[in-house]
Structure formats: C-alpha cells, structure tokens
Amino acid sequence: MADREMITIEIDGKSVSVEKDTTILEAAQSIDIYIPALCSSELVEPYAACRLCIVEVDDGRKTKLVTSCNYPVRRPIKVYTSSKKVLRNRKITLEMMLSRWPNVQVIKDLAKNAGIEKARYQHPAVDLNPNACILCGLCMRICEQGIWENIINFTNRGAERAVRMPYDSEQPHCVGCGACAEICPTGAITMVDDPNQPYDAEMIRKAGMRITKEMIKYDEEQCDMRGVGTAHLVEIMDAYDLLPVMNYRYGKHEETPKISSDIFRKYFTKGKPDGCWLGCTMACAKAIEDFELKTGPYKGEKVLVDGPEYETLGGSSNMGIFDPYFVAEYNFYCDTYGLDTISFSTGTSFVMECYEAGVLDKEKTGGLEIPFGAKDAALELLHQIGRGEGFGLIVGKGIRYMKKYFVENFGADPDFVFDIGMEAKGMEYSEYVTKESLAQQGGYGIALKGAQHDEAWLIFMDMVNKQIPTFEDKAEALHYFPMWRTWFSLCGLCKLPWNDVEPADNAETDEPAKVPAHVQGYCEFFEGVTGKPQTMDSLIRMSEKVYNFQRVFNLKMGFGRREHDVIPYRSAGPVTVEEYESRQERYDTQLREDVGIDPTGMSSEEKVAATRKFREAQYEHLLDAVYKRRGWTNDGVPTVAKLIELGVDFPDVIELVKKHGG
Amino acid sequence: MNTNAIDRLKTLLESSSDDTNDAPVILTVHLGTCGIAAGAGKTLETVKTTLASGSVQPIELRSSSCAGLCSYEPMVSVSRNGERPMMYLDVTEDKVNDLFDCIRGVKTAEECHLQIITHDDPFYLKQQTVVFINRGLIDPESLDDALASGAYKGLASILDNMDPAEVITEITKSGLRGRGGGGFPAGVKWSSCVSAAERTEGIPVIVCNADEGDPGAYMDRSILESDPHSIIEGMAIGAYAIGAEEGYIYIRKEYPLAMEILENAIRQARDRNLLGKGLLGTDFSFDLVIHRGAGAFVCGESSALMVSMSGMPGEPRSKYIHTVEYGYKGRPTVLNNVETLANVPRIITRGSKWFASMGTGDVSENPWNGSSGTKVFSLVGDVKNAGLVEIPMGITLREIIYDIGGGIPGGKEFKAVQTGGPSGGVLPADKLDLPVDFDTLTDAGSMMGSGGMVVMDNETCMIQIAKYFVDFLKDESCGKCTPCREGLVALGTILDRIISGDGRQGDIELLEEYGQNMCETSLCALGQTAANPVLSTIEYFRDEYEEHIRDGKCGALKCKALIEYHINAENCTGCTICARNCPADAIRGNLKEPHVIDQEKCIRCGVCREVCNFNAVEVL
Ligand SMILES: Cc1cc2nc3c(=O)[nH]c(=O)nc-3n(C[C@H](O)[C@H](O)[C@H](O)COP(=O)(O)O)c2cc1C
Ligand code: SF4
Ligand code: SF4
Ligand code: SF4
Ligand code: SF4
Ligand code: SF4
Ligand code: FES
Ligand code: FES
C-alpha cells in the first residue's frame, strides 16, 4: 500500500500531523485534547448524532462548526475545540438532553461540566429512568458493523425514535454476543439469562467481548480475517519463502500475486457474517457467490464456492497453478466430492513431479499429460477421483499408496519417491515449506494424526524470530503448543481467535507466541462455564492426559513409535541439485557456518549429500529432545511413570506400553 | 459525435401517427390530480356521452394536464380554428350541457353562469412558461404529442454535436440553479461528479428527486403529470454529460397518477429507442428505474434519499464527503430536482444565453452570481387565484400575490407570506417589493426552497403559524440528531405555553437560543432550517409574540386561551340561533332577549360568531 498522505493541522494552537482522512476527534485524542463524544466509539463508524463533539474549524476561507467525530482532515486547518460558539452550542444541546433524560448519569456529568443544573423547559416526554436510552446508535452500529448481525435498529421518527428488536420481539437471530449491551453508555440494554445455565454468564461474555473488541479494532490491520479469511497468508508465506511451489521444491513464485488475497477480496461476498459458529466475529469462512463452473458434472452452472482458504491456495501454487478461476473450481469440486483440498493438491503435486521426472508418462496415467501447471489435467484427475475411475482411482488412495504402487508397477526409484512423496503416517502434508525450520519438521513428523500443522505452527518462532534456538527450546515448544492446541479440540473450540488476532500490547509480553492475555481469557471462559478456576498450567495438564493417551492409541494401531515419526526428506532439505542450486547461497552459508564444511570446490551433488547428512542428524536429535521433554522413551513411547503421573495408567494401557519398552 | 441522432429523431417524428383531424373545435379536459379531485373525470365522461349522442359534432376531444389555476378546477379549454384556447372554469359534470350551449353559441357564458379565462388574463400574462410550456396543451400520455412539441430534440442535438464537457459548460453558463431547495448550480454539480468519478474510479449515476414532501407544494407533481418526457430527456442529457448509464427517479408513492404517466412515458421512450441501449442509434446507452418512496419528508434530503433507495430507512448522514462523490450505493451520484431537470432540454434547444437572459444577475461567468430562468411556485393560502404559477426570476412578491394571485380575498389585508416550504421563513408586508430570487429571499430570512408560497391575511396569528410548521417538522424529523429532534420539542413546548397564555418573560430569547443552536449544529438541512419559521416570525412579528406573553392577547384572535366570545347586548336580537348551534351549550337567553355566554363552559369554537346574522358576537 502506498504511504498515506500526511497533513498537519492545528488544534487549539497545538500542531499535529495526521494521515489524510483521519477525523478531527482522532487527531485531538492523539495529542490528549479532550472532546466530549457521546455517540462515538473506536469500535464503530462515526454517526454524528449527538452533536456534542462539535468544534470550530477554520479552513482559511471561512470558519464553521463541524462534528469532530466524522469530519475528515483533508487539508491544513485550524481547529478550536472550546471556542465560545462551541461551548454555547454544546451547552444548549446538553440542556435538551438533560431535559429529556434528567437521571442518566453520563448526561448529568456532561451537563454539570457544562454548567447546567436544570433545563429551562419541561420536556413533555421526560424519561426519569437512569438507564434510559439516549439514542446514540452505538448498539445498532456495533451489531451491524462489528457483529455483522444487524439485529437491533431504530424505529419511528423524530422524538418517537427508539431502539428496538424487529417486531419488538425477542429475536431468535440475535446471537447473544452482548456487544450492544457492552457498548451502551447508559446501561439501557440488559442481556437475559443464557439457556445453557453456565456457572457465570457474565464472565463468559467478558472473555468473549475481549476478542470481539480486538477483532473489530485490530483485525483489518493485523490479519484481515474478516476481509479475506486465511487467504491473507498467501502473500506472507511467499515473502518468507514458505509457500509450497511445485511439490515443496520452492517457497515462492513470481506469479503468486495472481492468487493472493487482493485478488480474492474482489470475489468474496462482503459484509455478511460467515463464521463457523453463530456470532463468530472472526468469520473467516469466505465464499464466492455465482461462480460459473467450466468443467465436471455441474459445468455451466453458477454455484457458491465455500472458500478458498489458505491451504487451498497453497495447494494450487504447489501444483504450479496460479489461476484464481482454477482455485475456485477445484475448491468447489473437492467440497462436492467430499475430498479435502490439501490431500488432493499435495497428492497431485506428487503426481506432477513424478510425471516430470519420468516416473509417470501418458500411458501410465491413462492418457493424462500432467506436468506442473497443467490445470485442465488436474481438474480431469479430480473428476476421475470423484468418479472412482482410471488413474484417479490410484491417486485417490493417497501418496503412501501411490509410492508403493509406482515402485511396484512402474519401476520407480524407491528412494526418489520416498523423498518427494509428502506424507507422514499416511497423511498428506499441509501447505507450508518446512525446510528451514527444524522445529516445524518435528511439528509435522511427530503430530499424532499425521503431517498436519495443527498441533504446532512454529516456523516464525523458529526460523524468523529465532526464539527457540536450542534443541531444548524447540522441544519445549513441541511440548507446550501441541498440548495447548489439543485443549481447543477437547473443548470443541476454534483455535483461530486465539492467535489470529492479538491484543495491541501482545508483542511486549514475555511469551508473545503464547498470546498470554488470550490464554487468560480461555481460563476465564472455562471457569465461567464450569465454575472451576483455571491456570495456564492446569489447561495444559488437561491436554497432556489426552495427548498421551492418544499416543498410546497410535501405538496400539501400529503408528506410535520413533520409526513412525519419520518425514520425507523434501520437508527437511533440498532433494535435488536443482533445488539446492535455487537457494545455493543460503545452503552454502549453512554448510560453512552450521555444518563446518567449506563448500568451495564441492560439486552440487556433494553439497546436497553433506547438507542431507547434517539435517537428517539434526532431526534425530530433535526427536531425542522432544521425547525426553514429553516423558517418553527414546523410541517415542510414553513411560509408565508418565502415565501414572497423568492418571491414565489403566491396566491395558500399562500392559501395552510395557510391551514396547515404556 | 457526428452520428445521425437528429435524423433518427426526424424519422421517428414523421412515423408518429398523425391523428389530428381538422375539426374546427378542439375541447380539452384538464386531468391533473387537482382536476380529478375536483371532478374532472366525471366531466370528461359526461362530455364523452354528449359527444356520442351526436348532437354537437364535429368536435375533437382531448385530455391534458392541469392548466395551473387549481382553485377553479375542473377546467375545460376550448380552442376554435387553431386559435389560443379559452378556458372555462369550474366545469363540473352538471355544467357540461351549458358548456356545449356556449360552444354552439346558443347561450352566452354569462347566461349559463360559466366563467371564462384566456391567456391574456393577468394570471397568465405575468407568467413565463419554460418548464410548463406544454402544460395543458399536450396529452402527457402521448409520445407523439411530445415529439411534435419538440421533445428529445435537445438530446439528439447533443448526441450529434456536443461532447459531455460541452454540455456541462452550456448548463453552467445558463446559470441553472437547483430548484429542489438548495439552489446549487447544476453545471457545477455535474462537473464535480465527473471529477469525483475520475478520482474514485466510480461509475456515476443520475437520480431525479421527485419526493416533493413539502406540505401544499405540488410543482414537481404537475411537471411530471404534464410533460413527463421533459424529465426523461433532461435526465438522459445529464447522464450523457456525467458519463452515467443508469438513472433513477425517486418518487413518493402518494403520486399515483404522476407515477402512472411516468411509467407509461418510460415505456414509450424505450419502445422508440429514446431509452435503453444505443440511444437514437448512437453508442450512448441510458435507462431509467423508478424507485418509490413512502412519503417521508426527510427522504427528500439527498443522503437520506439514497439510503432509502437502497431499501433502508431514510436517515441523513453528514455530507463532509458529498453525494457527488459517495452517493447511491457509494457511487458518484448527481441528484437533481424534477424542475431542474425539466429545464435542461429547454436550455439545450434554446441556448444558455436565452435562459440566462431571464432572471437576475449576470450568470454567464459565474452561476452563483444571480438567479436565471423561471421558477414554479405553488401559490396557496389567502389568495384569490390559488394555483401553480411559473414566473421569471426577479419579479416581486407583490406581482406574484396581487397581479397573478389576484390579491387577498374577502376584503381582508395581506399580513405575511411564507416561502420555501415548512422550513422557509415568513415575510411581512414591507418585503413585498423584494425580487424573488435565491439570494434575496435567503438574505431576508426566508428562502426559495422548492417553491411553496403561502399567503396569509391579517386574521392569521403568527405564533400559530410558527407552531404549525414546528409540529409538521417535529413529526418529520428523522430523530437522529439531538438539536433537531429535541430542539423541535423544545420550540413546540415553548410555543405551546405562549399560545396557551403561559408565556414567560425570556421565552422569545429562549426560542432564539434554541433555534440558533438548531441552525448551527443540526446534522442535515431539515434541522438546520427547522427553526426558520420561528426565527423569522420573531424577527418580523416580535410585537405579536410580546403581546401574547406580556398582555395575554392574540391580535389575530386565534389563540383560544387568549380570547373570549361575548355577545353585544345592543346588537343581539335574541334570535337564539347561536344558542342552538353552540356545541358546548354555553349560551343562555330568552327568545327576543339579549343572550349571554357562560365563559366557564365556552370552548371558543367561534360557531356563534359565524352563525349570528346580526354581528352581535364579538371576540375580545
Ligand atoms: C428535509 C429536506 C427535504 C427535501 N425534499 C426535497 C424534495 O422533496 N425534492 C427535491 O427536489 N429536493 C428536496 N430537498 C433538496 C435535496 O436534498 C437536494 O438538494 C435536491 O434534490 C438537489 O437537486 P437540485 O440541485 O436540482 O435542486 C430536500 C432537502 C431537505 C433537507
Ligand atoms: S446481542 Fe449481539 S447480535 Fe444480539 S442485538 Fe446485541 S449486538 Fe446484536
Ligand atoms: S440502547 Fe444504549 S447504545 Fe443503544 S442507542 Fe440507546 S443509549 Fe445508545
Ligand atoms: S437534522 Fe433532523 S432530519 Fe436531519 S438528521 Fe438530524 S434529526 Fe434527522
Ligand atoms: S364560541 Fe363556541 S362554545 Fe363558545 S359560546 Fe360560541 S358557540 Fe358556544
Ligand atoms: S345569534 Fe346573534 S342575535 Fe341571535 S341570539 Fe345569538 S348573539 Fe343574539
Ligand atoms: S460524537 Fe460526534 S456527534 Fe456524537
Ligand atoms: S469459527 Fe470463527 S474463526 Fe473459526
């Protein structure tokens, strides 16, 4: 984004420089000049209804009264916040308010400040309620703009104006978020009791409001989840060389802007709540309406595409395809066929690389020419999978099956296909390049359910911010985060509001990656529901029991030992010379500084081998450290002592782990 | 450019059905909403039956719109051998036979008690018709009529010969200022829309404001009912000038006839390629959609109107960012009033110089520098000839009220005239010689507004008048902002106590203080002008306020709490009529003896005074 134009204005003789279109009120607040602004809040768009925030503006030609809450600074002006004219008018406006609502505290206070005791006329409809609605419109604005619900609004005209629910009824569509009650300056809105009878509804609402407020205030500048959902990650991942391109060979591509969030912003339906939960203010689930399909059984029809989210976009770059229409089409058909876009795209990337490497050819694929970037072929493959036909029948069974099949039937080199077939425990990798983050390699490799980032996403902590340099640090992170994220699943909660929006001062905390203020909020949330006070540690403890139990379950099913935590080498380092050479400077430096080998004079093949040897050893060290931190044997099996400590020492559990040396 | 839109239009004109027969007598029944309300529909039916009986041929029967003299509807014009028509007034259905007798020369108009007025009457002589040039002459349902009178010539000529910027220059030079109330120069508005569209990369739209919410005003309705194609053509020209392809007409749903006529006109225009894709064979496309408003006064305000068009309750927003930049659905939008747009084709066909030659000031360099052209007023109240009048800008209030309006009826005196609609101001007799233009009226504490003009005689109480408008606005305020919502309540409360005899010293100053606050701090023009009726009556009739408060007297004898009805025993013949009519049973007295009013019981309805044949009832 281009830098916004700055304009210097003068407020009560003090000068201040602000971005063009900043309101006078914001400018004044930024230099601690107080202006009463009853109907304004940083959570909603200005409305300019109360007229208390008036100031006098001299634009060089004439002087006029304007409302500071919505007057945009567009040229150098002089502002007077307490001129005679301002004070006289503000006083009269307050007198009118006081005459109608003599017992409302905010009005009484403001009136007193302005020197008014009593109005000079008797209001015919005087309202003596101390919690009377003063028609500021904050509630309906936060409901509409903050919550995207638009439940309450004004009815009637003139002095009859009032805030109401539709048809004056209790609205089933009101999500009960409490934002309106929270923002109301007079306490005119009260929430009725929750049908679920939680231990302390107010406590839950407070915890929820914290997130809601942050969402409204910071989301647009932080992740813009409300605007584009997780699609915003595409350009960030590309910038950090983390966006998978051509089966994870590379981390960026010059055509990425074609599938970046700016493109999809235009297609996404706007201004409607689209969360997974009623009342979710993050509402990251975006949709494209009226998308016309070009292939498949619904060809020519206009449909709603639910997405795309980041993984779907990263999957597309992984297949070397940078075309928003393709993304929408494959997104729709994956959903329709009941396929997940990650498995499909990662699987197809593997197919494409095999095709380019000669493992596959047209004959073997049943006629499909499918190198990277072949979007028509990719869609045809998708339809074949959907129909359970032809080559699709093989691909649809996943990478683990394909590897074996290609070796057995097409004579593929097993080392090659195992290096580039991106799966662990039989599950396809999601769309991040992990080569430069050892901790994240562990995140994928050790994850109980397979190669997923949803137990731990440590790339920035590890690679960018270098917050976890030692094996012990990494192991600690690979303990805390998987436990923490498991806790969400235990409660049936979405993880995104935990760290896809952050408090403004999060970076200044001791452990910003944990978002401590939000963890505290979850403790309150849990207590509000159950009545049991919690700490960060007690929440982790809940997960640890389950997590260890799940590991034992894996063990029982034949997936729970060190040998199952292996990862394909593509996720740890450059498999091919070509890959090495594309980031030669980086790898050469690492050889020199981390491995202690001088790369000068070495051939690329030799350098690939040396790098590989080093990185594979690093991964093994990591496993050692993680198992140790978790209280597992060096083979990755929970020890009896650990299970007793956690209270999951059921006889058959103990018997099983003992059998595996636990 | 250099297309052949003009040729296309000529072809259209030639192909239009020529149904004028050579009947020596053409009889036109005026079927505006005003006429229909007065029974013109029945008049027409009776005329038809009579004609069908065959006794009075050959006569050609037409219908047309209001002829302007609304207080004398139903009206029928009769034109012989192509001469200018004579207009018969008050031709209700029972007078149709008499009318035919006159036409056949069997009787004179006088003999049948039929009043006639011609275009030489002062009512018409001082008027100058630009937007009403076709009023009462063409059939608004007929595109052929419109084409024959020159409709769409302006559009065709700009499509052939002018680029958009030239059109804007021409309108700017004409000095045409908005007739909807604000008086903003149309050309300037159009050109700022063009620059806003460039800046924001938005696609402009043009909207016609036909909300006309002023009570008692119906200028716009009459234009729509008499010459709908002038609006369509004006909008198409405007659209071409600003680069719009979409136009909307926001019309109140209380105007069913206007809406029907407009819908019909739009359909006809579409059928003949005067709307739609590639107008008149050029590559300029433009089409119109009608939006119906629910009749809230505030919805005439530009930002409220655009919100209302999007299906939300009409509520104004601050216009620090103007609607030309951020209007309908956030797009650059030109909003013009019906009358403004109706002037546009005339300016294009006859030239900006011609238009600027009417009115005040030299606007050729700067449209703010005067008021050019004409203005339609709805002249109502205590005036003999009530109706719609179109006058050249700059003639005096006196000329309008006395020459055109025929003065004050009932031998009473002029007291004041209210211009500018409900939030206009009230001007006293010593302002009668003020020229009527945007700036003079504003300087005098009133405004042109959209053209309401209410004349008041000396039996009018100014405080009651102020209260009437305050009450209207109190109901029509949207209620969003404090000064307007609460200020109107405050003004109403204080006026009430003055009217009911509880006025206090200092109340006038209080009214001024609150009124001033409303002007200075309200969000939209409704609230900013809502105190005008109060402030202007205080300015010109302060004595009357003081009299009410100090002496407890209403000079006009209108404030019930401040008057008493008494029977003057000298005049009273004891006829008992008053006692029999008194709704409160407040009058006592024996037959043929002077009667007396019981002040405790009397509710000051004034019935006794009206029914007494001996002028015995007096008001004090
Ligand atoms: C309360 C209020 C009511 C209005 N009603 C009307 C109306 O009924 N018709 C109209 O043309 N303009 C009305 N206006 C003026 C419009 O806001 C706007 O200025 C006008 O339509 C612009 O067109 P013009 O420049 O051609 O006059 C109203 C303004 C206010 C503040
Ligand atoms: S509780 Fe939330 S959804 Fe319901 S009305 Fe209030 S703000 Fe709207
Ligand atoms: S209910 Fe509260 S927030 Fe809503 S308008 Fe009234 S005072 Fe304002
Ligand atoms: S001035 Fe009156 S009509 Fe205009 S926004 Fe305020 S309350 Fe509404
Ligand atoms: S003013 Fe009306 S109520 Fe009073 S005496 Fe006369 S008729 Fe009766
Ligand atoms: S109507 Fe007149 S004259 Fe007759 S009784 Fe009444 S006041 Fe007397
Ligand atoms: S805060 Fe600006 S008008 Fe209320
Ligand atoms: S449900 Fe709202 S962010 Fe996931």
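Keep in mind the model is a prediction, meaning the values are calculated, not measured.
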Q | Within 45° cone and under 6.0 Å: Lys480(B) NZ/CZ vs Phe154(A) ring | A |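 Output no; distance or angle outside limits.
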
Q) Short question: side chain of Arg157(A), backbone of Asp475(B) - any donor-acceptor pair under 3.5 Å? A)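 Indeed, once roles are kept as given, a pair shorter than 3.5 Å links the two residues.
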
Q. If only atom types and distance count, is the side chain of Tyr320(B) paired as donor or acceptor with the main-chain N or O of Thr67(A) below 3.5 Å?
A.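 Here the side-chain-to-backbone pair exists.
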
Should the heavy atoms of other residues, nucleotides or ligands under 6.0 Å from [atom1] of [X] be counted, would the total exceed 12?
X	atom1	answer
Arg88(A)	CZ	yes
Glu509(B)	CD	yes
Tyr468(B)	OH	no
Tyr34(A)	OH	yes
Glu19(A)	CD	yes
Ile203(B)	CD1	no
Lys78(A)	NZ	no

Q) How far apart are the closest heavy atoms of Trp101(A) and Arg485(B), and which atoms are they? A)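 Here Trp101(A) and Arg485(B) meet closest at CH2-NH2, 3.7 Å.
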
Q: Search all heavy atoms of Leu523(B) against all heavy atoms of Ala48(A) and return the closest pair with its distance.
A: CD1-O, 3.1 Å

Q) When only pairs under 4.5 Å are counted, which of Glu325(B), Arg504(B), Arg317(B) shares the most heavy-atom pairs with chain A? A) Glu325(B)

Q. What residue, out of Ser522(B), Gly506(B), Cys484(B), has the most heavy-atom pairs lying under 4.5 Å from chain A?
A. Ser522(B)

**Q.** Residue, of Arg90(A), His123(A), Lys64(A), Gln122(A), that accumulates the most heavy atom pairs under 4.5 Å with chain B
**A.**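 The option with the most such pairs is His123(A).
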
Q) Which one, Asn156(A), Thr93(A), Asn153(A), leads in non-hydrogen pairs under 4.5 Å with chain B? A)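 Of Asn156(A), Thr93(A), Asn153(A), Thr93(A) has the most heavy-atom pairs under 4.5 Å with chain B.
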
Point-to-point distance, once rounded to the nearest 0.5 Å, from [atom1] of [X] to [atom2] of [Y]:
X	Y	atom1	atom2	result
Arg51(A)	Glu486(B)	CZ	CD	14.0 Å
Glu520(B)	Asn89(A)	CD	CG	4.5 Å
Tyr121(A)	Leu491(B)	OH	CG	9.0 Å

Q. For Arg161(A), is it the side chain, the backbone, both or neither that has a heavy atom under 4.5 Å from a heavy atom of chain B?
A. side chain

**Q.** Interface moiety of Arg120(A) toward chain B, non-hydrogen atoms closer than 4.5 Å
**A.** both

Relative to chain A, which segment of [X] carries a heavy atom at a distance below 4.5 Å: side chain, backbone, both, or neither?
X	answer
Thr521(B)	both
Pro313(B)	neither
Ile321(B)	side chain

Q: Using the side chain to side chain contact (heavy atoms under 4.5 Å, CB included) rule, take Tyr47(A) and Glu315(B) through it: C-alpha gap first, then chi angles, then the decisive distance, then the call.
A: CA-CA 11 Å; Tyr47(A) 190 53; Glu315(B) 194 182 274; 2.6 Å; yes

Q | Met96(A) vs Asn517(B), side chain to side chain contact (heavy atoms under 4.5 Å, CB included): CA-CA, chis, key distance, verdict | A | CA-CA 11 Å; Met96(A) 293 173 177; Asn517(B) 172 254; 3.8 Å; yes

Q: Report the C-alpha separation of Ser318(B) and Asn70(A) in whole Å, then their side-chain angles, then the decisive distance to 0.1 Å, and conclude whether the side-chain hydrogen bond (donor to acceptor under 3.5 Å, both in side chains) test is met.
A: CA-CA 8 Å; Ser318(B) 303; Asn70(A) 68 338; 2.6 Å; yes

